[in-house]
Amino acid sequence: MDKAYSPADIEQKWYQTWESSGHFAPSGEGNPYCILIPPPNVTGSLHMGHAFQHTIMDTLIRYHRMLGDNTLWQTGTDHAGIATQMVVERMLAAENKTRQDLGREAFVEKVWEWKEQSGGTITQQMRRLGNSCDWSREAFTMDDTCSNAVQEVFVQLFDEGIIYRGKRLVNWDPKFHTAISDLEVENKEEKGSLWHFKYPLANGATTADGKDYIVVATTRPETILGDTAVAVHPEDERYQSLVGKTVMLPLTNREIPIVADDYVDKEFGTGCVKITPAHDFNDYEVGKRHNAPLVNILTIDASIRDAAEAFDYKGQSLCDFDCSIPAGYAGLDRLTARAKIIADFETLGLLDSIKDHTLQVPRGDRSNAVIEPFLTDQWYVAVESLAKPAIEAVESGEIKFVPENWSKTYYQWMYNIQDWCISRQLWWGHRIPAWYDQHGNAYVARSEDEARSKYKLDANVELRQDEDVLDTWFSSALWPFATLGWPEKTKELETFVPSSVLVTGFDIIFFWVARMIMMTKKFTGEVPFKEIYITGLIRDEHGQKMSKSKGNVLDPIDLIDGIDIESLVAKRTSGMMQPQMAEKISKRTRKEFGEGIESFGTDALRFTFCALASTSRDINFDLGRVEGYRNFCNKIWNAARYVLMNTEEHDCGQSGGELTFSLADHWIQSRFQQTLQTYHKQIKDYRFDLASKALYEFIWDEYCSWYLELSKPVLTGEAFSDNEKRGTRYTLVSLLEQVMRLAHPMMPFITEEIWQRVAPLAGINGDTIMTQSFPLFDTNKVNQSAVDDLEWIKEVVLGVRNIRGEMNISPAKSVPLLMHNGSEIEHQRLIKNEAFLKSLAKLESIEWKQQGDELPVSATALVNQLELLIPMAGLIDVAAEKARLEKEVERLNKDKERCNAKLANPAFVDKAPEAVVNKERQNLAEVESSLAKLSVQIEQLESLA
RNA sequence: GGGCGCUUAGCUCAGUUGGUAGAGCAUCGCCCUUACAAGGCGAGGGUCACUGGUUCGAGUCCAGUAGCGCCCACCA
């Protein structure tokens, strides 16, 4: 074995072996255990969030596979409607083409080509991470099985009246020319103005204070062209007399009513609100109550139409309603129109005032364009009947959120859930299975033929399929059962619904989690998963969101393979939306990374993710941690090297020789069991941070730092018998082999590599560690007296090391040790374990001194009542030793004060549990005794000086 | 406006029925001792954001304050 662990040498090799072995597929035996991957965008690439969540999922999957469960990690990718279409349109734009140039069919063909070409990127990257998902079942949300499920669900929901079509206001994205759902709108606070305009009262009416106009305030002056009412609060005394009267809407010369509606806030603005039902969600509701017509003034680009259209609230066109667009406005972009409106009002003397105002601006989450409420025909899911069972599933505990608190977020949304707009005016996605006749009547069926027979349509009725596609999340919502073959009654459906746990981020609880619960409940009667483990979101080390524009993105593959600084800078500064940031990002990147990023390997990265997976909602990714865990991998590697060097070509008892176990052997076995107990518990609680910590501490602090050192005197010492040597060799290989199995789910590669070499020495045969059984906790293997005895040895060794360290005694120099004032138990421990003490503390001799024996001047350490004495005989600096002891005295005095204060408090002695009080008394006694001993030592040193 | 979360060592974070504060990285000192310098040994470093309450005892429970952050929501 090489002296340093080199992950690049082994990772790819093992992954290929595993994948071709077929072990990623369910074994068909044992309890079902299933995780559904949140399908990443098929044309995307792996980011830190994926890598994190996939690590968690793979750890669970490997763990359960080794526990003997029938384990399925259902993998696949999402067609990601808007995102993917955007990418391909951008590529076309580079050739000065639009999708319209190609036409629908050719464009969709192009997207499929792009999918074929780039669709493998993320799945290849997942392989680099070691993900053991069942690739043979890899699904895609646009493949035949999924499409079939989508169609089936749509038709069934339509037939039940849960899916309906309606003309309503939707969130319209004027850049992509499509409707989007409420969830895809991000409200951002932006600075704007509140314009105050005068609306002249019609027919000679006047306000209470004699004015012939009222003032309305608006943040969107361009919508004035669509105003069909002005609203005031019914109890607003300023305007009460005007209710029922009219104003003459400037520019359009349309007479519109003043209505009373308690939606209006008297305190805000002027207390008069212009009502534009076709371009504002609130105004729609107000307008509906007062039957104010809907006047649509915008085109799909959010420019002013040539001619406005008026509708009533049933979607019927109001041909007679006069809503002509004033001259000079047609075709203007909404912002240009806004400026013109303001200018025209000013010219007319109707601009009252302009005030600064911050407002919530709705923007599309993909396009970042300002979203317009827009009157269109769309398909909706009436979610109420679906939401109820979905809420109950969580309330009853059938589905459990981890951490539990996220259920509150879930409820909050579910209790207020709105109908879901599912149609999108895109080309890439599931085409809506609806056909229209010439009159616009819609027929929903699985195919045109079925539509004809289902609705008894004559053969000569011309039918045209709906042009729209479904929201991507519609097909994602079916993921838990569509991927398993629904609506066919497959064995997989039977076995793996509900799945065991969903691992995902809180950012898609509404988009995805809630909708999966609704749809899966509806169509299978089961919940989609029993637990939902919500992970934190990965941020950079200062808590900033990783983003291209901030230039702080880390690519998980770069952490695995390493990257030089020039490539990293190039990656971070290429293709920027704001090229002027490149300089700054380059500078910061160079400062932060110097030469670049080292290669840490997959296992180190995976272990880091596990170690960072605490319950917090944001996870700051600290590169220092990866480095630390890379070192951990190296530690494991070298421990294995040591074990193999001392066991290969030796009898390790694997074929039956007699074994005698040392105290150290019993101890490490016991500590391993305790580690197992912790690990199992923490994994059950999804505390990967604590599980990984238990693993780390056992391997580094116990197995390496103590046990391997304790094995040295046994293996090399002449005083040890063959049986004892064999016992220790057996323990070395057996523990290492078990530890590799324990660590495998988190660190699959290094554990496989080492296991392959060590397993035969432990008498175990198998093709791969990934199908070996996972070690289970066995209380019978815990030997508490061995643990106690070894703790004593550790304390003695630490005491001597402290003296050595502080007194600057060379680690190469052997020293004699005297033990004084020890108990009989300690004497026995010494007799049995002298070799361990001598070896670990580098002692030339150990002498047991009785009470009253003469003692030389020494450096001293205390282990409870036992005094450890290293005779000073010319090798120790008296002043330094005195200073060291005084520091100790100071520390003990503080303890003593605290103990005294507590015990002097009668309330403490009376009310605290007896055990606590006794413990405090015992502490005090020990501290006092220690202090007494130290003061004797100090006096002795002073007498020398 | 409603809901949620965070504040512990220089940095990134643990702290599980309340019982004398922990890790990694960073810092300081000594060591290339044949598993490992990506290492070993030793050391230093914290009024647990603030205020009050409950309690014999609070990082931990309760109330409030400040700062930071997230989500939802129709104030023109």
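Because the structure is predicted, anything quoted here is derived from the model rather than measured. All chains are named by letter (A, B, ...) in the order of the sequence lines, taking the proteins before the strands, and each is independently numbered beginning at 1.
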Assign [X] to base, sugar-phosphate, or nothing according to its heavy-atom contacts below 4.0 angstrom with the strands shown.
{"X": "A:L690", "value": "sugar-phosphate"}
{"X": "A:Y263", "value": "base"}
{"X": "A:E709", "value": "base"}
{"X": "A:T409", "value": "nothing"}
{"X": "A:V909", "value": "nothing"}
{"X": "A:H196", "value": "nothing"}
{"X": "A:E541", "value": "sugar-phosphate"}
{"X": "A:R804", "value": "nothing"}
{"X": "A:R641", "value": "sugar-phosphate"}
{"X": "A:D265", "value": "base"}
{"X": "A:L798", "value": "sugar-phosphate"}
{"X": "A:C704", "value": "base"}

Identify which nucleotide among [options] has an atom closest to any side-chain atom of [X], counting heavy atoms from C-beta outward.
{"X": "A:Q412", "options": "B:rC56, B:rC31, B:rG2", "answer": "B:rG2"}
{"X": "A:F510", "options": "B:rC4, B:rC72, B:rC41", "answer": "B:rC72"}
{"X": "A:F268", "options": "B:rU33, B:rA76, B:rA35", "answer": "B:rA76"}
{"X": "A:N405", "options": "B:rC4, B:rA38, B:rA76", "answer": "B:rC4"}
{"X": "A:R539", "options": "B:rA35, B:rC70, B:rA38", "answer": "B:rC70"}
{"X": "A:K408", "options": "B:rC72, B:rC4, B:rG39", "answer": "B:rC4"}

Would you mind telling me which residue lines up with the more 5' stretch of RNA chain B, A:L359 or A:Y5, judged by nearest nucleotide? A:Y5

For RNA chain B, whose closest nucleotide is more 5', that of A:G271 or that of A:S614?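 The 5'-side residue here is A:S614.
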
Whole-Å [atom1] distance, [N] and [M]:
{"N": "B:rA73", "M": "B:rU65", "atom1": "P", "result": "27 Å"}
{"N": "B:rG10", "M": "B:rG44", "atom1": "P", "result": "16 Å"}
{"N": "B:rU33", "M": "B:rA38", "atom1": "P", "result": "15 Å"}
{"N": "B:rA49", "M": "B:rU60", "atom1": "P", "result": "8 Å"}
{"N": "B:rU16", "M": "B:rC75", "atom1": "C1'", "result": "45 Å"}
{"N": "B:rU12", "M": "B:rU7", "atom1": "P", "result": "12 Å"}

Considering just the side-chain nitrogens and oxygens of [X], establish if one lies under 4.0 Å of OP1 or OP2 belonging to [N].
{"X": "A:K266", "N": "B:rC75", "value": "no"}
{"X": "A:K712", "N": "B:rA35", "value": "yes"}
{"X": "A:N802", "N": "B:rA43", "value": "yes"}
{"X": "A:R687", "N": "B:rC13", "value": "no"}
{"X": "A:N620", "N": "B:rC13", "value": "yes"}
{"X": "A:S616", "N": "B:rA14", "value": "yes"}

Neighbour count >12 (heavy atoms, 6.0 Å) for atom CG, A:D910: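 Counting neighbours around CG of A:D910, more than 12 heavy atoms of other residues, nucleotides or ligands fall under 6.0 Å, so yes.
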
Does [N] pair with anything, Watson-Crick or G-U wobble, both distances under 3.5 Å, and if so, with which nucleotide?
{"N": "B:rA35", "answer": "none"}
{"N": "B:rC41", "answer": "B:rG29"}
{"N": "B:rG67", "answer": "B:rC6"}
{"N": "B:rC61", "answer": "B:rG53"}
{"N": "B:rA76", "answer": "none"}
{"N": "B:rC11", "answer": "B:rG24"}
{"N": "B:rU16", "answer": "none"}

Donor-acceptor side-chain pairing of [X] and [Y] below 3.5 angstrom:
{"X": "A:K693", "Y": "A:T678", "answer": "no"}
{"X": "A:N552", "Y": "A:R588", "answer": "no"}
{"X": "A:S181", "Y": "A:E184", "answer": "yes"}

Output the rounded distance in Å from [atom1] ([X]) to [atom2] ([N]).
{"X": "A:R617", "N": "B:rC71", "atom1": "CZ", "atom2": "C1'", "result": "7 Å"}
{"X": "A:Q544", "N": "B:rC68", "atom1": "CD", "atom2": "C1'", "result": "12 Å"}
{"X": "A:F632", "N": "B:rG39", "atom1": "CZ", "atom2": "P", "result": "12 Å"}
{"X": "A:D618", "N": "B:rU7", "atom1": "CG", "atom2": "P", "result": "12 Å"}

Looking at [options], which one forms a side-chain contact (heavy atoms from CB on, under 4.5 Å) with [X]?
{"X": "A:F506", "options": "A:L537, A:T409, A:I532", "result": "A:L537"}
{"X": "A:T504", "options": "A:I509, A:V513, A:T535", "result": "A:V513"}
{"X": "A:I224", "options": "A:L249, A:T276, A:I342", "result": "A:L249"}

Can you tell me how far apart CD1 (A:I750) and OG (A:S6) are? Round to the nearest 0.5 Å.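 Result: 10.5 Å between the selected atoms.
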
Applying ring-ring contact (aromatic ring centres under 6.0 Å, His included), run through A:Y629 and A:Y696 and close with a yes or a no. CA-CA 9 Å; A:Y629 296 125; A:Y696 181 95; 5.7 Å; yes

ring-ring contact (aromatic ring centres under 6.0 Å, His included) involving A:Y707 - partner list, sequence neighbours excluded: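 ring-ring contact (aromatic ring centres under 6.0 Å, His included) check on A:Y707 returns A:Y703.
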
Taking donor-acceptor contacts at under 3.5 Å, does the side chain of A:K3 reach the base of B:rC36? no

Go along nucleotides 18-27 of chain B 5' to 3' and tag each nucleotide: B for a protein heavy atom under 4.0 Å from its base, S when only backbone or sugar atoms are that close, - otherwise. -BB---B---

Can we call the ring centroids of A:W637 and A:Y5 under 6.0 Å apart? yes

Cation-pi check, A:K712 to A:Y642: give yes when NZ or CZ is under 6.0 Å from the six-membered ring centre and within 45° of the ring axis, no otherwise.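 Ring-cation test returns yes.
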
